[in-house]
Amino acid sequence: AGPHFAAGPMRRAAIDMGPGEASWTQAVDSNTDVRLAVARAAGTHASALKLYVEIEPELIREITEEAHRQGLKVWAHPNLHPARPLDVVRAGVDAVTHVCALRWQSSGVDPRRHARRGIDPPPRTDPELTDPESPEMIELYKEIAERGVLLDATYSFFYHHPGPAEHGCPPELATAIAKAAREHGVEFSTGTDYLGPEDDPYPALYLEIEHLVDHGILSPREALTAATVNGARVLGREDDYGIIEPGKLASMVVLEENPLEDIRALRSVVTVFKRGVEYPRTDYRMPEPVMEQGLSDEQRDAIKAELKEIRKQRYEALERGDCKTVVETFDENVISSSNHK
């Protein structure tokens, strides 16, 4: 990401390094030695680069070409302010993340106003400024589809963490954009960007798959393809994963029911195979949430109320651009949780 994002209080790389100076979280600009930056990232044994924000279109292209030359995939936010989504896609990235970020192609605002996201308050945008079927949005969908770029939609995120509506993408808009993208040939993968509920015995991936089907964006077969075949594609692991065939790793699940008839049949797991080793589902035990071990109901409720208030203070500080309070409330949150544990 650009230097302002890296300088944000929540993006510190390590105690003994300045923001954006670690090999795994680098600040880049027009003066960056792109070959060296990519090589440093590759040296961490990463399989891909993630582009966050504040990157010009030409620099996106340079980074992407160099990453591909060195054997890395490139994943990107579509809203790499000042670059718009179409700039990002045309730069040759392999995947774009967050369906709601596509709205910046037609949001009607100057993306340069929102580049300094690491140190400025979150930008406010009007959801009404985005028409999912506008000519510029359709051009974007078609470009994504024609170039074979995968959309890591994180669609269910916008239902579990919708955020304030003034920031531009309520669930209704996320659904409209996702449906329009699919209608114009965009292929999905099934990222989440959040953890599922502690009492859910299956991962958040299942919620993403179910939401995509429940809201009429993908059919059960398409959602399963997004999670398997496209999941392997987006990671660059098609030789090992994605489909069941000779020569690939024997990683799969055996289900009691048919998910093509009901997508929630994915929760009818009988056995899991991981690299050929069998793990019967009957052996699985839900871990007790760390925060709840040995606590009374009153203690648990008090902890949750305290953490909720701290998070509220932190969000309000972000709105004001008060970095000092953001850092203090983050530290307090960690300390408070550790003490209670």
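Values below: every heavy atom of this structure, side chains too, minus hydrogens, waters and symmetry copies.
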Quick one: does P201's side chain get under 4.5 Å of R281's, heavy atoms only? yes
Give a yes-or-no answer on whether the side chains of S156 and E208 include a donor-acceptor pair shorter than 3.5 Å. yes
Taking K179 first and then E133, would you say they form a salt bridge - that is, a charged N and a carboxylate O separated by under 4.0 Å? no
Under 4.5 Å between side-chain heavy atoms, hopping through other hydrophobics if needed: is there a path connecting W75 to V186? no
Are E257 and R267 ion-paired here, with the side-chain N under 4.0 Å from a carboxylate O? no
Contact check, side chains of P135 and I138, non-hydrogen atoms, under 4.5 Å: no
Please verify the inter-ring angle class for F157 with Y194; under 30° counts as parallel, over 60° as perpendicular, anything in between as tilted. tilted
Sidechain-backbone polar pair: E143 side chain, V89 backbone, donor-acceptor under 3.5 Å: no
Other residues, nucleotides and ligands only: do more than 12 of their heavy atoms fall within 6.0 Å of CZ on R69? yes
Grouping I, L, V, M, F, W and Y whenever their side-chain heavy atoms are under 4.5 Å apart, do L102 and L51 come out in a common cluster? yes
Can any side-chain N or O of Q70 pair as donor or acceptor with the backbone N or O of R35 at less than 3.5 Å? yes
Under 3.5 Å, side chain of R103 to main-chain N/O of C100, donor-acceptor pair present? yes
So does K142 get a backbone contact from the side chain of H184, meaning a donor-acceptor N/O pair under 3.5 Å? no
Side-chain H-bond candidate by donor/acceptor type, H98 with N79, under 3.5 Å: no
Aromatic rings W104 and H81: how do their planes relate, parallel, tilted or perpendicular, breaks at 30° and 60°? perpendicular
Is the count of non-hydrogen atoms from other residues, nucleotides or ligands lying under 6.0 Å from R147 atom CZ greater than 12? yes
Given the ring of Y241, does R237 sit roughly above its face, with NZ or CZ under 6.0 Å from the centre of the six-membered ring and within 45° of the axis? no
Would V149 and L140 show up in the same hydrophobic cluster when neighbours are defined by side-chain heavy atoms closer than 4.5 Å? yes
Are the side chain of Q26 and the backbone N or O of A37 linked by a donor-acceptor pair below 3.5 Å? yes
Donor-acceptor contact present, side-chain D87 to main-chain R84, <3.5 Å: yes
Ring geometry between Y155 and H215 (parallel below 30°, tilted from 30 to 60°, perpendicular above 60°): perpendicular
Sequence neighbours left out, what passes side-chain hydrogen bond (donor to acceptor under 3.5 Å, both in side chains) with K274? Give chain and number order. none
Test side chain to side chain contact (heavy atoms under 4.5 Å, CB included) applied to H77 and K50, step by step: CA-CA 8 Å; H77 285 164; K50 172 71 177 288; 3.5 Å; yes
Can you list, by chain and residue number, the hydrophobic cluster partners of L266 when the side-chain cut-off is 4.5 Å? Y202, L205, Y206, I209, V213, L224, V253, L255, L260, I263, V269, V272, V277, Y279
Partners of R61 by side-chain hydrogen bond (donor to acceptor under 3.5 Å, both in side chains), sequence neighbours excluded? E58, E65
